[in-house]
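Data first, discussion second: the structure below is written as C-alpha cells.
First listed ligand is number 1; within each ligand, the first listed atom is number 1. Bear in mind the structure is a predicted one, so any value in this text is a computation, not a measurement.
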Amino acid sequence: MIEPRLKVATCSLAGCFGCHMSLLDLDERLFDLAERVELDRSPLTDIKELGECDIGLIEGGVCNAENVHVLMEFRARCKTLIAIGACALNGGIPAMRNQFALKDCLEESYLRGVGLVDPQIPNDPEIPLLLAQVHPVHEVVKIDYFLPGCPPSADTIWTFVNQLLSGQPVALSYTQIHYD
Ligand code: SF4
C-alpha cells in the first residue's frame, strides 16, 4: 500500500528567503522528498489558502501585522510547527532595528534618505503596519522545533527532515548545528 504523503506548508515572514534556498540546496534529494511530502501553501507553490497540514516550516521573524496573522494561521492549521533559521529563532539580522525607535527607522528611510523625491512615509492601508520591534516566532506562538543557522545547511535540513518524517527523536550532531 502506498503511504499517504505528509502535507507540508512553508512561509517566509521577515526573512530573506535564504532558508528556502538552503532547502532547495537539497538538490536531487528533493525528488526523494517529493515522494514523501506534498507541498501546501509555500513560496514554492501557487496555493493561496493554507490547508490542514502535518508540518509547517517558518522562515523569518515577525516584523509586521501580516507576519503575526500568517504565523497564527500556520499554528492553527499545522500539527507540527518548525522555526527554521536565525531570523525565526531570535529575530536575526532584521532585529538589529530593535535598538532604534520605529519612528526613527521610518524617517531615516523615507524622509531623510539620499536622493528622495517628494519624501513621505507610506501609509496606504494595504501596507501592513510595522511592529515597534522585530520578534522571534516563539514570542507569538508555540514552536515545536528550532533549526538554527543563517541559514541551516542543506545537510542539516536533510538530517532533520529524515528524523522527523521517520518519527525518530530529532538529534543533530555538533557539526550540524551552527548559528551563522
Ligand atoms: S536565517 Fe539567514 S538565511 Fe534564513 S531568512 Fe534569516 S537572514 Fe535569511
Notebook entry, point to check: Yes or no on side chain to side chain donor-acceptor pair (under 3.5 Å) for Thr10 and His20, after CA distance, side-chain angles and deciding distance?
Noted result: CA-CA 9 Å; Thr10 79; His20 276 81; 2.7 Å; yes
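- A continuous path of ILVMFWY side-chain contacts below 4.5 Å connects Val70 to Val137, so both sit in one hydrophobic cluster.
- A donor-acceptor contact under 3.5 angstrom links the side chains of Thr156 and Ser153, judged on distance only.
- Distances under 2.8 Å from atom 2 (Fe) of ligand 1 pick out the protein N/O/S atoms Cys150 SG.
- Taking SG of Cys19 as the start and CD1 of Ile58 as the end, the distance is 11.5 Å to the nearest 0.5 Å.
- Between atom CG of residue Leu33 and atom CG of residue Leu23 there is a gap of 7.0 Å, rounded to the nearest 0.5 Å.
- For ligand 1 and Glu59, the ligand atoms under 4.0 Å from any heavy atom of the residue are 5 (S).
- Residues Arg29 and Asp155 are paired through a salt bridge, judged by an N-O separation under 4.0 Å between the basic side chain and the carboxylate.
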